[in-house]
Amino acid sequence: MATQCKEYNFLEIEPHWQSFWEENHTARAEQTSSKPKYYVLDMFPYPSGAGLHIGHPEGYTATDIIARYKRAKGFNVLHPIGWDAFGLPAEQHAVKTGTHPASNTQNNIVNFKRQIKALGFSYDWDREIDTTDPKYFRWTQWIFLQLFKRGLAYVDERPVWWCPELRTVLANEEVTDGKSEVGGFPVERRNLRQWVLRITAYAERLLADLKAVDWPDSTKRMQEAWIGRSEGAEILFKLEREALGPLKIFTTRPDTLFGCTYMVLAPEHPLVNALTTSEQKAAIEDYRKKSAGKSDLERTDLAKDKSGVCSGAFAINPINGARVPIWVADYVLMGYGTGAIMAVPAHDERDYEFAVKYALPVIQVIEPTDHSANCAGTSKLPYVGDGNLVHSDGYTGLPWADTKSKITADLAARGVASATINYKLRDWLFSRQRYWGEPFPIVWVNAADYARAAAARPGDVPSAPVTYTSEGVTHYALPLPPTALPLELPSVETYLPSGNGESPLANVTPWLELWFDVETGAAVPASESRPVGHAWVRARRETNTMPQWAGSCWYYLRFTDPTNAATFASPEALKYWGVPDLYVGGAEHAVLHLLYARFWHKVLFDLGVVPQVEPFTKLFHQGIILGEDGEKMSKSRGNVVSPDTIIASHGTDTLRLYLMFLGPLEAMKPWSMQQIEGVHRFLHKIWRECLTIDGEMSPKISTDAAFADAPELTKLLHETIKKVGDDIEGMRFNTAISSMMIFANALQKAPRASRATVLTFLQLLAPFAPHFAEELWARLGGGDAKSSIQATPWPAFDPAKLAVTEVKLVFQVNGKHRGDQLVPTGLPQADAVALAQANPKVAPHLEGKSVVRIIYVPGKILNLVVA
RNA sequence: GCCCGGGUGGCGAAAUGGUAGACGCAUGGGACUUAAAAUCCCCUGACCGUAAGGUCGUGCCGGUUCGAGUCCGGCCCCGGGCACCA
C-alpha cells in the first residue's frame, strides 16, 4: 500500500516503507533454504556517542544495494548488523560520570539503530548482536579457552604505556608524542603482567593463505609486510672469553660473513652485562639507562642519529677466525631475531652509517658484476645490489645468492649455523587493564590446587601450565569450565583505575578473592566460609579484560546462528552460511582486525569447528568521504556532514544515490552539497514521468497490452538492465546510476511508454533508492497492495534486443579522426575503404597520396595510413 | 628512506590500446511565467577562424604502436601505509 502524497514527499514515503519492511520482515534471512546463500557483511560499528558519520552509510549503502540485488537474483541473503560495543570511550565516559558503561553504550546503540534504520538498510534485525551481551561474549570467552588449552595463550611481562598522572595504563592509540591523549600528561613504559596470544605460531599460514583470498592487493601487501617473513641464518660466534658461551646472531646475508667488522648487541641483550669489560662498565651502564628511558617513539625518531658504546669484548668470526669488537647500540632491537647482529658496513646502510661515525673498518666482499654501472670500476659503499664475492677465501668469485645457502650449509656442517626464518610479526598483546571488556575466564591458584584441577579436567588445560611468579610465589592459570561461562563483569563502585596498574576489577574483592570449585567453576567470595566439598580451593580471578578486537574476531560467525545457546554457531549454520561472500569496511582495518580475525578463524579451523581456512574470501574497502573543503571531516574543522541532516532535507534515497554517484566506491572523494541536487532531481524527474500532479498514473504510461514501446526505448531498457546488473556485480555503482540517468532522460523524451518498461526500470532502481521504487511500483500497480518490489525477480535482458544492425565507423587518416559514418555491422573492409574514400570529410586528406596500409577494426575504426 | 594508490574541463567524474570528457554539477543563453521558483531546450576543454574547418589537449620528459588517458622507462606532485626488523 502506497502513501497518498501527490508530490515526491520523501519524509512521508521513507518512514512508510521502512515500517512496511519491518512488519513484513522483507530482509529476513531464512535459516534453512533450498536457495543458494549469499552472505554480505559490513564491518560492524562501534556505537560512539557522536552517532553515525557520513562514512558509515557509504559502505553500508553499497552492501545494501548488493543485498537487495542478490535477493532479487534469487539468493537467500544474509545481511546482518551488530555492535562492537566494548571500547574505551564508554569507559572514559563512565569514569567521568560514574554511570555504568553499559547504560551509556545502550543509549548509543539506540541512537545508532535509529539512524541506521532511517537509512533504509535491509538488515535482518532479528540477527542483531552486541559484543557486550553476556549471551555473546560467553562465546568470545569460550574461544579464548580454546586458544588457552591449545597453548596459544600465555602470560608475560610486557612493556605498556603507563601514565603516572592518570594512574592508568593507556592503549597505543591513547598516546601521541609521548603524552596521554586525555590531559596531555607524560607517559612512560612500564612492565606489567599481560596476556599474550601466540599469533606467531600461525605466521606462515597467515602469509601463505593470503594468496587464496580476493582482497585488494594493497591490503594483502600490508599484511605481508606486517608479517614480515625473512629467510636467513642464525650463526654462532664464539666469544673471546669462551666461558660466556657463544653469541647467536641472525642475518639474512650469510654471504657477507667475511665483511663482518664488528658485532652489535641490543642494549637489553642478556649477555651485555657479562661480556662488558670493567673499563667499559660505566659507559655501557650509562648507555643502557639512556636507551631504556627512550620511548619507542624517540628511538625511531632519532633513527638518523645512531649511537652506541663499545663493550670492550671481542667475538671470533667462525668463517675466518677474525677477531671482531662487540658494540652495544640501540639500532639493534631485542625484539627481533636474536637481538644481536654481525655488522657488515660495506653492504648494509645502517652498519655503514654506524661504522663511519665510530671509525670502524669497512671490508667490501661483494663486487657488482655489471661494471658498466660503476663508471670508475669501484663500487660506491654501502653496496646492497647484485654481485659476486671478493675477499672471501674459498668463495671469491661466486654469485652472492648462491653463496648464501652455501656458507650456511658449510657452517651448519660444523654445527655453528642453521638456516632460519624470522618474522616481524610479534605475539599479540591481548589484555587491557580495563573494566569495560570481556573478563578472562581464568582464576589463579597454587601449584597443588592446579594439579588437582588439571587431573580432574585434563581436556581444559594446556600441556604446559601457564604461570607467573610474584614475590616468590608461583601462580597457576586455571580456566573456568566452559559450562561456567559467561563470566560476567561485577558491578563496581568506581570505574577509576586501581592505581597500581591493575584494572578497576582488582578493587572488587568479593568478585576477586574466591572459594572456587575447580570442577564446576562455581565461586563464592573468600570472605565467606569455605563451602563443603572437596573441589573448593582458594583462587583469585584474573583482573585483566580482553581488548576490543576480541569481540570482532568472530562476530561474522555468530551472525549465522545468533541466538544459539548451546554453541557459538551450529555446524549446520556454519555449513550453510559459511563465511561472508563479501566483506566491506574501511582500509584502516587492513592489518590488525583482519589479521586477528584470520588468526582466530584458523584456530577454529584447526579445532574442526569451522569448515573454511579463511574468514573473508572477498574484501572491499570503501574510500573516505572528505568534507566540502576537501579536508578530512572533523568536528574541529566544522566540515562534518551528518546523515540525519541530509535525510531531513533530501531524503535517504537521495543520500544513498548520491553517496554511490560521487565516484568509485574505493576512491577518496569530497562531499558536495551542490551535486546532491543532481541525483535529487533525477528522482523528481522519474516521479513526474510516472505520476501526474494529482498523484495519479501519468497518461503517458500505457497499460494497454497491445502498446509497444519505441524500439530505441526498448533497446535502451535492455542495455540498461545489462549495464546496471554488470555494474552492481563489479561494485561500480556510480556508472550504474549514470546509465539509469540516461534511461530516465530517454523516458522523459519518449511521448509514451509501456507500464511494463517503467516497472522494469523501477526494479533496477530499487536497490539504490528502495523507498522511492516501492512507492512508484505500488502506485503504478506493480503488484497487489501487499506486494513489494523486492519480491519480484531481477529483470533479465534479452540479448536479441541488444543486437545492433548499424554502427558508427570512425575514419582515421594516419591515426587522426577525419570523419565517421553509420555503416551496417559486418561491413567488409573493401566496402569500408570505399566509403572512406568517398566521404567528403576524409577525401581531402587522401588527395594526392597513396594508401600504404589499412587497419580495419570492424564496427569501430578504419585507419588509412597514407604517404 | 621503502612499499602501495592517484594526478583527465570551472567542479565530481567516464572511457576491453580505437571519436577523450559519458553521466552529473556549475556558468551563460533561451522557452514557460505578471514575476520568481520549479521545469524544459541550447551552448560550454584551450587556441585560431564570420563560418566550414583546423591546431593543441588526460602531471612532466622520452619510448613502443597505424593509433596511447590506457602499455614500457625516467622524473615531479598529492594521498595512504611501514619505518633502524639485520
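All chains are named by letter (A, B, ...) in the order of the sequence lines, taking the proteins before the strands, and each is independently numbered beginning at 1. Fair warning: this is a prediction, and the values are worked out from it, not measured in the lab.
- B:C23 is paired with B:G12 under the Watson-Crick or G-U wobble criterion, all donor-acceptor distances under 3.5 Å.
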Between protein and nucleic acid, restricted to nucleotides 43-54 of chain B and to nitrogen or oxygen atoms under 3.5 Å apart, what atom pairs and distances do you find?
none

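- No option in A:Asp653, A:Leu683, A:Leu776 other than A:Leu683 meets the side-chain contact (heavy atoms from CB on, under 4.5 Å) test with A:Leu765.
- Among residues at least two apart or in separate chains, salt bridge (charged side-chain N to carboxylate O under 4.0 Å, His left out) pairs with a member in residues 250-263 of chain A are A:Arg253-A:Asp255.
- Straight-line distance from the CG atom of A:Leu592 to the C1' atom of B:G81: 12 Å, rounded to whole Å.
- The backbone N or O of A:Val866 sits less than 3.5 Å from a side-chain atom of A:Asn814, completing a donor-acceptor pair.
- Both tests pass for A:Arg598 against the ring of A:Trp215: distance under 6.0 Å to the centre and angle within 45° of the axis.
- When distances run from any side-chain atom of A:Pro664 to the nucleotides B:A86, B:A14, B:C84, the shortest one goes to B:A14.
- For B:C3, neither phosphate oxygen OP1 nor OP2 lies less than 4.0 angstrom from any side-chain nitrogen or oxygen of A:Ser218.
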Practice item. Between protein and nucleotides 24-39 of chain B, map the contacts as a letter string: B base, S sugar-phosphate only, - none, heavy atoms under 4.0 Å, written 5' to 3'. Key: BSS------------S
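- A straight line from NZ of A:Lys700 to P of B:C40 spans 11 Å, rounded to a whole angstrom.
- A distance-only check finds a donor-acceptor pair linking the side chain of A:Tyr262 to the backbone of A:Asp351 [under 3.5 Å].
- When all heavy atoms of A:Arg656 and A:Ile65 are compared, the pair lying nearest together is NH2-CG1, 4.4 Å.
- Proximity of A:Val724 to A:Ser739: side-chain heavy atoms (C-beta onward) are separated by under 4.5 Å at one or more points.
- A gap of 15 Å separates the C1' atoms of B:G74 and B:U64, to the nearest Å.
- Between B:G10 and B:G59, the two P atoms lie 13 Å apart (nearest whole Å).
- Between the side chain of A:Asp427 and the backbone N or O of A:Thr200, at least one donor-acceptor pair lies under 3.5 Å.
- A:Phe354 has its ring centre less than 6.0 Å from the ring centre of A:Tyr331.
- A perpendicular orientation is assigned to the rings of A:His680 and A:His650, their planes being inclined by more than 60° (bins at 30° and 60°).
- At a cut-off of 3.5 angstrom, the base of B:A86 holds no donor-acceptor pair with the side chain of A:Thr251.
- Side-chain proximity of A:Met668 to the nucleotides B:A86, B:C84, B:G79 is greatest for B:G79.
- B:U39: Watson-Crick or G-U partner is B:A31, with both key distances under 3.5 Å.
- Distance check on atom P: B:C32 versus B:G18 gives 46 Å, rounded to whole Å.
- Here the C1' atom of nucleotide B:G81 and the CD atom of A:Glu224 are 14 Å apart, to the nearest Å.
- Between A:Ala340 and A:Arg221, it is A:Arg221 whose nearest contact on RNA chain B lies nearer the 5' terminus.
- One finds no side-chain N or O of A:Lys816 lying less than 4.0 angstrom from the OP1 or OP2 phosphate oxygen of B:C66.
- For the contact set between residues 716-736 of chain A and RNA chain B, defined by any heavy atom under 4.0 Å, the members are A:Asn734, A:Thr735.
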For nucleotides 16-18 of chain B, tabulate all protein N/O to nucleotide N/O atom pairs closer than 3.5 Å, reporting atom names and distance.
unit_1	atom_1	unit_2	atom_2	d
B:U16	O4	A:Lys860	NZ	2.9
B:G18	N2	A:Gln812	OE1	3.3

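- Base pairing of B:U50: no nucleotide in any strand meets the Watson-Crick or G-U wobble criterion (both distances under 3.5 Å).
- Its glycosidic angle being more than 90° from 0, B:G28 falls on the anti side.
- Checking side-chain atoms of A:Thr251 against main-chain N and O of A:Ile249 turns up no donor-acceptor pair under 3.5 Å.
- For B:G5, the paired base is B:C78 (Watson-Crick or G-U wobble, both distances below 3.5 Å).
- Nearer to the 5' terminus of RNA chain B, by closest-nucleotide assignment, is the contact made by A:Ser739 (compared with the other of A:Val865 and A:Ser739).
- Every pair tested for salt bridge (charged side-chain N to carboxylate O under 4.0 Å, His left out) that includes a residue from residues 849-867 of chain A fails, sequence neighbours excluded, so the list is empty.
- A:Val196 is listed as a side-chain neighbour of A:Arg158, based on a closest heavy-atom distance under 4.5 Å.
- Between the side chain of A:His347 and the main chain of A:Ile366, a donor-acceptor pair closer than 3.5 Å is present.
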